[in-house]
Asks: 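The structure follows.
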Amino acid sequence: MDEPTPTLSTLEKQMVLDRDKLQSIIEGFIIAYHHGLTKDDTTMIPSYVSRLPTGAETGTYFALDLGGTNLRVAAVTLVGDGKADIEQKKYVVPAELKVGTAENLLDWVASGVKDLLNCLGVQAENLNEKEMYMGVTFSFPI
């Protein structure tokens with residue numbers, strides 16, 4: 001038997017938190033944070049950030065984010081004064097690569113990076129001429 005479709009006001013009531021409920025959630029977060037910071041080192045991921053950016057940084061840095069659905073590769077050029085130019089590409093991960101070999105997946109990822117470098121005018125034979133830095137995120141368990 002089909003259930004009746006809820007009205008908009010019924011759905012809205014389910015989504016709105018009253019002040020007491022919101023305060024209770026906030027207090028729960030505070031308790032969890034204090035516990036993680038004082039009693040359980042395993043719940044906090046260490047940060048390797050040693051200083052905050054000033055906005056005067058310059059240079060080009062690369063980013064790669066491989067998720068369960070998309071691959072994103074980007075070149076972020078910091079130009080100072082807190083400004084940046086970004087060139088990025090986004091690719092949908094083909095279904096066959098999600099269940100295939102790591103070698104095939106990583107070859108495909110490398111080709112996405114190569115495409116970005118080609119767009120920037122960086123040729124493969126010039127890659128060893130200077131250091132380049134890339135942050136890599138695998139936003140799914142592998």
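The model shown is predicted, which means the values in this text are computed figures rather than measured ones. Side chains included, hydrogens not; waters and symmetry mates left out as well; all remaining heavy atoms used.
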Asks: So, taking the atom named CG in Leu22 and the one named CD in Glu27, what distance separates them when rounded to the nearest 0.5 Å?
Replies: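 Result: 10.0 Å between the selected atoms.
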Asks: Is Tyr33 linked to Ile26 within one hydrophobic cluster, defined over Ile, Leu, Val, Met, Phe, Trp and Tyr using a side-chain heavy-atom separation of less than 4.5 Å?
Replies: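 Yes, it is one cluster - the side chains of Tyr33 and Ile26 are joined through contacts under 4.5 Å.
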Asks: Taking side chain to side chain contact (heavy atoms under 4.5 Å, CB included) as the test, write out the residues that go with Glu96, two or more places apart.
Replies: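 For Glu96, the residues satisfying side chain to side chain contact (heavy atoms under 4.5 Å, CB included) (neighbours in sequence not counted) are Pro94.
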Asks: Any sub-3.5 Å donor-acceptor pair from Glu57's side-chain atoms to Gly55's backbone N or O?
Replies: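 Side chain of Glu57 to backbone of Gly55, a donor-acceptor pair under 3.5 Å: yes, one is there.
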Asks: Report the residues that fulfil side chain to side chain contact (heavy atoms under 4.5 Å, CB included) with Tyr48, sequence neighbours left out, ordered by chain and then residue number.
Replies: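 Residues passing side chain to side chain contact (heavy atoms under 4.5 Å, CB included) with Tyr48: Pro46.
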Asks: Run the side chain to side chain contact (heavy atoms under 4.5 Å, CB included) test against Ser24 and tell me which residues pass, sequence neighbours left out.
Replies: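 Ser24 satisfies side chain to side chain contact (heavy atoms under 4.5 Å, CB included) with no residue once adjacent residues are dropped.
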Asks: For Asp107, what residues pass the side-chain hydrogen bond (donor to acceptor under 3.5 Å, both in side chains) criterion, not counting sequence neighbours?
Replies: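 Listed in chain order: nothing, the list is empty.
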Asks: Taking all non-hydrogen atoms of both residues, which atom of Val136 and which atom of Phe138 are closest, and how far apart?
Replies: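 Answer, listing the atom of Val136 first, then Phe138: CG1-CE1, 3.7 Å.
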Asks: Side-chain contact, heavy-atom cut-off 4.5 Å: Leu71 with Trp108?
Replies: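 In short, these two side chains touch, coming nearer than 4.5 Å.
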Asks: Minimum heavy-atom separation for Gly67 and Ser139, please, with both atom names.
Replies: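 The pair with the smallest heavy-atom distance is CA-OG, 3.2 Å.
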Asks: What pairs of donor and acceptor atoms, side-chain ones from residues 75-92 against any protein atom, are under 3.5 angstrom apart with sequence neighbours left out?
Replies:
from, atom 1, to, atom 2, distance (Å)
Thr77, OG1, Thr60, OG1, 2.9
Tyr91, OH, Asp115, OD2, 3.4

Asks: Quickly, which of Asp65, Leu116, Leu66 forms a side-chain contact (heavy atoms from CB on, under 4.5 Å) with Val73? Name it, please.
Replies: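 Exactly one option meets the side-chain contact (heavy atoms from CB on, under 4.5 Å) with Val73, and it is Leu116.
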Asks: With a cut-off of 3.5 Å and sequence neighbours excluded, list every side-chain donor-acceptor pair involving residues 4-21.
Replies:
from, atom 1, to, atom 2, distance (Å)
Thr7, OG1, Ser9, OG, 3.2
Thr7, OG1, Thr10, N, 3.2
Thr7, OG1, Thr10, OG1, 2.8
Asp18, OD1, Asp20, N, 3.2
Asp18, OD1, Lys21, N, 2.7

Asks: Using the rule that two of Ile, Leu, Val, Met, Phe, Trp, Tyr join whenever any of their side-chain heavy atoms come within less than 4.5 Å, decide whether Leu105 and Val113 are in one cluster.
Replies: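 In one cluster: yes.
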Asks: Between Leu106 and Val93, is there a shared hydrophobic cluster once you connect ILVMFWY residues whose side-chain heavy atoms come closer than 4.5 Å?
Replies: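 Different clusters: Leu106 never reaches Val93 through Ile, Leu, Val, Met, Phe, Trp or Tyr contacts under 4.5 Å.
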Asks: Indicate if Met132 and Val109 have the same hydrophobic cluster label, given that clusters are the connected sets of ILVMFWY residues with side-chain heavy-atom separations under 4.5 angstrom.
Replies: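 The answer is yes; both residues are in one hydrophobic cluster.
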